[in-house]
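Reviewing the structure listed below.
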Protein chains: 2
Amino acid sequence: MAEPKNGTPTIGDVAKLAGVSRAVASRALSSEKRPVSADKRERVLEAAEQLGFRPNLLAQSLTTKTVNLVAVVVNHIHDLSDLDLFDLLLERIQSIGKQVILIRVGSVERVEEFLRQGVAYHVDAALVFSDFADAATVRRLFRSDLVVMLNGRHDELSPAVIPDEAVGINQAVADAASKGVRTAGLVTGRASSLVEAARVEHYRQAFAARGIELVRVVQGDYSYESGHEAAATITGWDSPDAVFCTSDAMAMGILDVCRADFPHNRPQKFRLYGFDNLSLTDFDAYPIASIGYDKAAYVEHVLRFLVEPAAFEPGQEPVRVPTRFVPRLTA
Amino acid sequence: MAEPKNGTPTIGDVAKLAGVSRAVASRALSSEKRPVSADKRERVLEAAEQLGFRPNLLAQSLTTKTVNLVAVVVNHIHDLSDLDLFDLLLERIQSIGKQVILIRVGSVERVEEFLRQGVAYHVDAALVFSDFADAATVRRLFRSDLVVMLNGRHDELSPAVIPDEAVGINQAVADAASKGVRTAGLVTGRASSLVEAARVEHYRQAFAARGIELVRVVQGDYSYESGHEAAATITGWDSPDAVFCTSDAMAMGILDVCRADFPHNRPQKFRLYGFDNLSLTDFDAYPIASIGYDKAAYVEHVLRFLVEPAAFEPGQEPVRVPTRFVPRLTA
DNA sequence: CTGTTAGCGCATTCAC
DNA sequence: GTGAATGCGCTAACAG
C-alpha cells in the first residue's frame, strides 16, 4: 500500500509507488524538459495520477526562491472601479503562471497599523494601486525588489506605469474651446493624492492655454454621491460653460441632478466632461464625454515588468500610457 | 557583523544577533505567549527590528500546516458585480489574519484546461463563486476540505451559503399582483447555471400562485447588452404588464431602450423588476425595483465557516440568507 | 540518465 | 527557561 497516512500524498509517495527516487519523480513532474527515461516518466505520471498528487507550491517555492505570487494592493475594492482593467490584468498575470493575492489596505488611517503588523507573504512582485505608501515601504513589506508603482509614488528603484493624463486633458479642453466654452468649473477628488494634484494642475494649464477661465472649483471624493452634492454649488443659473470632473462617477452624479439641462442627453446650459472612461459611460443613461487610455496597452506594460524584471534599470523613467479624449453626447 | 549575506534576514540571523538560539527567537517573535525570559525577548525583538526581519510565511506554513490563505474563485471579475459585498468579504477575511488569493477561472470552456494544469496553492479554504466545478473537484484542486460553495453546487461534504431567493421573488411578484399585473415577461440568464434554473423556477411558481400568466421568456446572459437586445422581443405594443429580469444589468438595458415608456421613471406600459439590488439602482437614472439580501449577514455566515470549520457537520443543510423585495420607481 | 544528499526558513519536540 | 536536533515537501547539486 503506497497510500500516504495523513491523506495528502507527497512527491515521496509518488516516487515510492513508481519505484523511483524522489528526484526522478520531481523531474518527471516538472514542466521543463529534464532528463528522465521515458518508461520511468510514464510510471511516475501514472502514479501521480493514481494518487491524485498535487505539488505543494509552498514547499516548492521554498527551494526555488520564486513563489509565483504577485500582490495587488488597493485601498478599497472600489479603487478597482474599472473592472475591465482588473479582469484583464488578472487574466494576463495568471497566463504567465502566477497567482494574485489581493490586499486591501483600507482607509489611510489604518495604514500604519497595517504596516506594523506587516503580515505579508514574500511575493515575487507587488502592484500598487493604493496610494498608502511609497515605493521603499512596499519593497520592505513584501521583501521584493519588484514593486510596480501604479499610484504615482514611485522612486528611482522601482518601475512605474502611469497614464499620461496631460494628453487627454488637453484634448478634452481643446474640444470645449472649439465649441465656444469660455468659463469652466472643476470638480476634483481628494487633495491628498499625488495623482489628483497633478491632474488638477493639468486642467489649470490647459484652461490657461485655451483662454478658458476657471470660475469655480469644488472638491468631491470621486464618488457619485459627491457629484450629487457638487451639483448644487457648481451649476445653477450662473453655470460655467463647461464642467470638468476628475472622475466619471462624479460627472454621473451631476448629470442626474441636472438632467433637465440635458434634453436628449445633449447639453443646454453647460457641457459635461468626466474622467476614467468607465464602461458605464457606454450605457445610454450616462453618455458622458470622458478621458481614457488603452487598457490592454497599460496591462502589457505592467506585465512586461513581471516577465522581464531585468529590463528595468534604476532611474528609468516611468512608462507613460497616453490618454485620449472620448467624445460623447454630454460634450 | 550579524548581517545576512543575501539580503533578507532569517530568524537565524536575528537569533545570532541577539545571542540566543533560533528556538528562543522563534518563541519571542511568536504572537502567542511562549516561555521566554524577559531580557532575551527584549533582545530578540530589538534585533529583529534592527535587521528589519520579516518572517517568511511560506516556511512558517510548511511546519504549521496552516497557510492563512483563502482562495476566492470566480469565472470573471465581473461576477463580482457587487463590489460592496466583495469589499466587505475581503476586509473580514483579512481581519481574521488571512489573505485572499483571487482566482479567475475564465470561461467555462477553459475550465478543463484549468483543472488539468491544476496549479493551485494548498489553501486553508476556498470560497467558490464560480460555477465551474462541483465541490468534490474543488476540494481536490486545493487540497482543502474547507470549500465553501457559493454557487449552488455544494454536496454533503462541503458547507454552503446561498441566498434564499424564493422569499424575495415571492414578494416581488406579490407586489406586481397587488398592482393589477396579470401578464408577465421573464428575461433570464444562462440556462446552464444551477442557480439560474432554480431562480426561474421560483418565478414560475410565484406567477402560478398569483394567477399571473407568463406570456414571454427571453434568454440573455445577465449583461446590460443582452437586456438591450431582449427589449425588442419582450416589449412593444403588446408588452406584458410586467417584465422581470434575473439581473439588474439586464433590467437597466431594457429600461434604456424603453425609457419613453417610463416618464419620470414611472412605468406606463409595463412595470420593470430587476434582481441583485446593485448599488447602481440607487442612482437616479436606474431606479429599478429589485431583489437583494443583507450582505453583512451573508459575509458573516461565510466567515463563520472559516473561523470555526469544525462547526460544519457533513450533511448539514446550506445556510440560507433570506432575500427581500426592494421597491423602487420602476415597479 | 539516476539516486543520494543537503538544504530552503521555520516551529517544534525533547532533553538539559 | 533554554538549545540542539528533527522534519515539513520539495528541488538543486552532486556523484554515480
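Below, chains carry the letters A, B, ... as their sequence lines are ordered, and counting in each starts from 1. Here the structure is a predicted model, which means the values were calculated and not measured.
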**Prompt:** Listed by chain and number, what are the ring pair (Phe, Tyr, Trp, His ring centres under 6.0 Å) partners of B:Tyr298, not counting sequence neighbours?
**Reply:** B:Tyr293

**Contacts of B:Phe53 that satisfy ring pair (Phe, Tyr, Trp, His ring centres under 6.0 Å) - sequence neighbours left out** = none

Quiz: residues 37-46 of chain A side-chain donor-acceptor pairs under 3.5 angstrom, not counting sequence neighbours:
from: A:Ser37; atom 1: OG; to: A:Asp39; atom 2: OD1; distance (Å): 2.7
from: A:Arg43; atom 1: NE; to: A:Ala18; atom 2: O; distance (Å): 3.0
from: A:Arg43; atom 1: NH2; to: A:Ala18; atom 2: O; distance (Å): 3.1

If you check every side-chain atom of [X], which of [options] has the closest atom?
X	options	answer
B:Ile11	D:dG3, C:dC10, D:dC10	C:dC10
B:Arg22	D:dG3, D:dT6, C:dT2	D:dT6
A:Lys40	D:dC10, C:dC8, C:dG3	C:dG3
B:Gln60	D:dG1, C:dA11, C:dT2	C:dA11
B:Val24	C:dC1, D:dG3, C:dG3	D:dG3

Check the distance between [N]'s [atom2] and [X]'s [atom1] and give it to me in whole angstrom.
X	N	atom1	atom2	value
A:Tyr121	C:dC10	OH	P	13 Å
A:Leu62	D:dT11	CG	P	11 Å
B:Lys16	C:dC10	NZ	P	13 Å
A:Leu51	D:dG9	CG	C1'	15 Å
B:Leu29	C:dG9	CG	P	16 Å
B:Leu58	C:dG7	CG	C1'	16 Å
B:Arg143	D:dG9	CZ	C1'	13 Å
A:His122	C:dC8	NE2	C1'	13 Å

**Non-neighbouring partners of B:Arg140 that pass salt bridge (Lys or Arg N to Asp or Glu O under 4.0 Å), sequence neighbours left out** = none

**Complete:** Taken in chain and number order and not counting sequence neighbours, the residues that satisfy salt bridge (Lys or Arg N to Asp or Glu O under 4.0 Å) with B:Arg27 are none

**Asked** Partners of B:Val299 by side chain to side chain contact (heavy atoms under 4.5 Å, CB included), sequence neighbours excluded?
**Response** B:Leu85, B:Leu88, B:Leu89, B:Arg92

**Prompt:** Using a cut-off of 4.0 Å on non-hydrogen atoms, how would the nucleic acid contact of B:Ser37 be classed: base, sugar-phosphate, or nothing?
**Reply:** sugar-phosphate

[X] side chain near [N] phosphate (N/O to OP1/OP2, under 4.0 Å):
X	N	result
A:Thr64	C:dC8	no
B:Ser61	D:dC8	no
B:Thr63	D:dC8	no
B:Lys65	D:dG9	yes
B:Thr10	C:dG9	no

**Prompt:** Looking at A:Val123 and A:Val70, what are the two nearest heavy atoms and their distance?
**Reply:** CB-CA, 4.4 Å

**Request:** Of all the heavy-atom pairs spanning A:Ser144 and A:Asp124, show the shortest one and how long it is.
**Result:** OG-O, 3.0 Å

**Prompt:** the helix from C:dC1-D:dG16 to C:dC16-D:dG1: angle between its terminal axes, five pairs each, to 10°?
**Reply:** 40°

Find every protein N or O atom lying less than 3.5 Å from an N or O atom of nucleotides 13-16 of chain D, and list the pairs.
from: D:dA13; atom 1: N6; to: A:Arg27; atom 2: NH2; distance (Å): 3.2

**Asked** For DNA chain D, whose closest nucleotide is more 5', that of B:Ser21 or that of B:Ala59?
**Response** B:Ser21

**Prompt:** Does a donor on one side chain sit under 3.5 Å from an acceptor on the other, for A:Arg104 and A:His76?
**Reply:** yes

**Complete:** Contacts of A:Gln60 meeting side-chain hydrogen bond (donor to acceptor under 3.5 Å, both in side chains) (sequence neighbours excluded), chain-then-number -> none

**Message:** So that I can tick it off, tell me whether A:Glu196 and A:Arg190 are bridged by a salt bridge, with the cut-off set at under 4.0 angstrom between side-chain N and carboxylate O.
**Reply:** no

**Complete:** Sorted by position of nearest nucleotide on DNA chain C, 5' first, the leading residue of A:Asp39 and B:Asn56 is A:Asp39

